[in-house]
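These notes concern the structure reproduced below.
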Amino acid sequence: MLHPFLKYKINIKILISFIFIIIITTNISLLISYWLFKASIEKSITIRLRDSSTVYYNEIKLSEETCLDAASILSKDSTIVDLVSLGDRASLEDIMRNYYRMAVFDIVEIVDIDGSVLIRLHDLEEKGDFKTEQNIIIEGLAGNTVVSYESGKSGIAIRAVAPLKKNGNIIGLLMIGKLFSEKLVEDIKKLTGLDNGIYWKDIKIISTYDGVETIDNNIMEELLENGSVMFEKVISKDKYYVMLKAIYTDDEHYWGAIALFSKEESNTRYLPYVKRTLYFMLMIGFFLSFLAYIILANDINSSLSKIINGINNFNIESNLQVIDIEANDEFKIIAESINNFSEKIFKYNQQIIQMQDDMIKSAKLAVVGQLSAGLAHEIKNPLSSIKMMSQIIKSRYLKGGDGSDEINTVLEEIDRIDKLIKDLLEFSKPKPMNFSYYDINELVLDTVNIYKYNFEKQNITVEYKLADNLPALFIDSEKIRICFINFIVNAIEVMSEDGKLIVSTVLQNDKVAIEFKNNGPAIAKEDIDNIFEPFFTTKRQGTGLGLALSKLIIERHQGTIGVASNDKETSFIVTLPLKNNNI
């Protein structure tokens, strides 16, 4: 048996959609986030290596400029120049030692014009060696102030040479320099947090890392072409990101390169944490999405169950609301549509029932009409003869008064039967209507005045509430008068003395309502629905055709007729349209 949340296919589709949305979108988001984070790490590594190499390179260039400036300035010091020209090495050494002790420079030398070292304040045991073969000495003796790099066992040396001149003649050379030894690379490592080293051409001179003794040819070509290069290198199973930046001499020739190494592990150690965090976020998202699904599925189940139960329990004979959904969503719209549809079905069913009743009544009326018409024609001629003979007998043989009352009664009954026959003929075969525009208030007043004597005899008060400025109605005035007479006669018959009849007219949109209200006894509830039926009457001598004929006349005018009755009053209300199609 399916879980309640999977009872309807729409919930299964929603669940599948949730799963696909979570699995696909979140995993894509996870991969993108992880890739972006990893890319940002690689980017930060690149920036860090580039910035560090720039700092490293600038440090070397700053040392180069410092040595060059110092050599240029000190070579013009007159005291130094005089001591060199006098050959006073002791005094000259004391002065130069003061500069050396400042620990700004690692190399302080005075070189004779023959290339021999006169004063050396570092590596004293090598004092007196000859450097005539070195390019920097040759440039200095040629009168140029130059700087150069020198590779050695302990690193590199930046040396600046300036000529010492006396009276325009070169009497020696002043050399100022700085060593880039193991201490420098260690200091750079502390400063940047990166392993670093220095290469002369493609051979490593000094470094804080082991291995990578030479630069590969392919990397060397890229370095010479671009001035810097970044690549990955595996050293002792550890992956490193490497940045090489070229060092150029004063004459723009490639001399060597500085190298910086960043260990991948140190930069990517946060990736597992990031991955765990992203997976944790994924699980939270899955949980929240599933919780949302449960709430949504429960709401859908509730709404669908109400809709299905409402449809299953629909009763065509009931006008009660089928489905009641409180949520303001599409299901409520569906429920309201079903409720409206069921209400329409109920109304259509009532109309069908009414039409069935009307058809039955019409069938009955058709039969009654045929019988009535035939019977009326059969009775009308003999009845005329009887009435004529009764009048002859009265005039010839009952002059003395004997039998006059009896014959008068016969004549009255003949008149009553004659009226009944006329009503039967009118009901069974209505005469053509004779429409014309007529003032309804005038028609009401004329009709009521016919029974003025009857009202005075029974002391009945007549009150008028006629609306002003009513438009003329397109009606058959004589047929409408018959209806009004039926209402008035019925009122007179049911009211006792001191009764009251209220006649009113009122304009209602595109209709005029005419009401005849009397304070006679109420019509029984069980008779209300039948009083307009043919031959239905509660009067001892009634025919039951008066109100039925009135209804027929009003309906032929496309109007309506109704009755309302209670213990205090009874009203007959007729509505006639301002416009009708019976022209």
Side-chain angles (χ1 to χ4, degrees), residues 415-416 418-420 422-423 425-427 430-520 531-532 539 542-543 545-564 569-580 582-583:
D415 288 338
R416 192 171 69 84
D418 187 57
K419 182 179 182 305
L420 175 61
K422 289 180 179 179
D423 289 344
L425 289 174
E426 178 66 28
F427 187 79
K431 295 179 180 179
M433 306 289 282
N434 184 21
F435 285 97
S436 64
Y437 284 101
Y438 210 92
D439 187 337
I440 195 67
N441 286 343
E442 182 180 345
L443 181 61
V444 168
L445 292 172
D446 291 345
T447 307
V448 173
N449 282 334
I450 295 174
Y451 295 90
K452 181 179 180 181
Y453 171 77
N454 301 77
F455 294 140
E456 291 176 351
K457 183 179 179 180
Q458 291 186 219
N459 197 27
I460 294 173
T461 303
V462 179
E463 181 180 344
Y464 297 98
K465 295 182 179 180
L466 305 180
D468 296 331
N469 301 321
L470 287 179
L473 299 182
F474 198 62
I475 59 175
D476 185 330
S477 59
E478 291 305 316
K479 294 290 193 299
I480 296 297
R481 190 189 302 274
I482 292 173
C483 297
F484 292 171
I485 288 173
N486 283 325
F487 302 147
I488 295 170
V489 170
N490 286 339
I492 293 172
E493 289 178 351
V494 299
M495 285 192 294
S496 59
E497 291 187 0
D498 301 325
K500 185 175 183 180
L501 176 65
I502 301 174
V503 185
S504 60
T505 59
V506 63
L507 182 64
Q508 296 177 343
N509 297 325
D510 58 346
K511 297 179 182 179
V512 173
I514 306 101
E515 181 180 18
F516 292 83
K517 183 188 297 183
N518 67 75
N519 61 354
I531 61 174
F532 295 108
K539 301 176 184 178
T543 63
L545 286 175
L547 291 178
L549 185 58
S550 297
K551 181 181 179 184
L552 179 63
I553 291 171
I554 298 301
E555 287 178 348
R556 291 181 71 185
H557 280 77
Q558 295 185 350
T560 61
I561 184 171
V563 61
E569 57 192 17
T570 297
S571 296
F572 285 90
I573 304 170
V574 172
T575 60
L576 295 173
L578 296 180
K579 298 179 181 179
N580 63 58
N582 290 330
I583 300 175

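Residues take their numbers from the sequence shown, with the count starting at 1. Model, not experiment: these values are computed from the prediction.
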Close side-chain approach of [X] and [Y], heavy atoms under 4.5 Å:
X    : Y    : value
I554 : L576 : yes
Y451 : V462 : no
L466 : L445 : yes

Pairwise distance [atom1]([X]) to [atom2]([Y]) - rounded to 0.5 angstrom:
X    : Y    : atom1 : atom2 : result
F487 : I514 : CZ    : CD1   : 9.0 Å
D468 : L507 : CG    : CG    : 11.5 Å
K452 : I460 : NZ    : CD1   : 14.5 Å
I502 : E569 : CD1   : CD    : 7.0 Å
I450 : I485 : CD1   : CD1   : 5.0 Å
L470 : E442 : CG    : CD    : 12.5 Å

Residue pair F455, I492: steps toward the side-chain contact (heavy atoms from CB on, under 4.5 Å) verdict: CA-CA 8 Å; F455 294 140; I492 293 172; 3.6 Å; yes
Nearest non-hydrogen partners of [X] and [Y], listed with the distance:
X    : Y    : result
T570 : G520 : OG1-O, 4.4 Å
P471 : L578 : CG-CD2, 3.5 Å
E515 : S571 : OE2-OG, 3.0 Å
S477 : Y438 : CB-CD1, 3.8 Å
G499 : N519 : CA-OD1, 3.6 Å
T447 : L443 : OG1-O, 2.7 Å

Indicate yes or no for a side-chain donor-acceptor contact from [X] to the backbone of [Y] under 3.5 Å, with no hydrogens or angles considered.
X    : Y    : answer
D476 : N434 : yes
N441 : A467 : yes
Q508 : A513 : no

Evaluation steps, ring pair (Phe, Tyr, Trp, His ring centres under 6.0 Å), between F474 and F435: CA-CA 6 Å; F474 198 62; F435 285 97; 5.6 Å; yes
Residue pair F484, I440: steps toward the side-chain contact (heavy atoms from CB on, under 4.5 Å) verdict: CA-CA 11 Å; F484 292 171; I440 195 67; 4.1 Å; yes
From CA spacing to verdict: side-chain contact (heavy atoms from CB on, under 4.5 Å), I480, L473: CA-CA 11 Å; I480 296 297; L473 299 182; over 6 Å; no
Candidate pair D446 and R481, rule side-chain contact (heavy atoms from CB on, under 4.5 Å), full reasoning: CA-CA 9 Å; D446 291 345; R481 190 189 302 274; 3.8 Å; yes
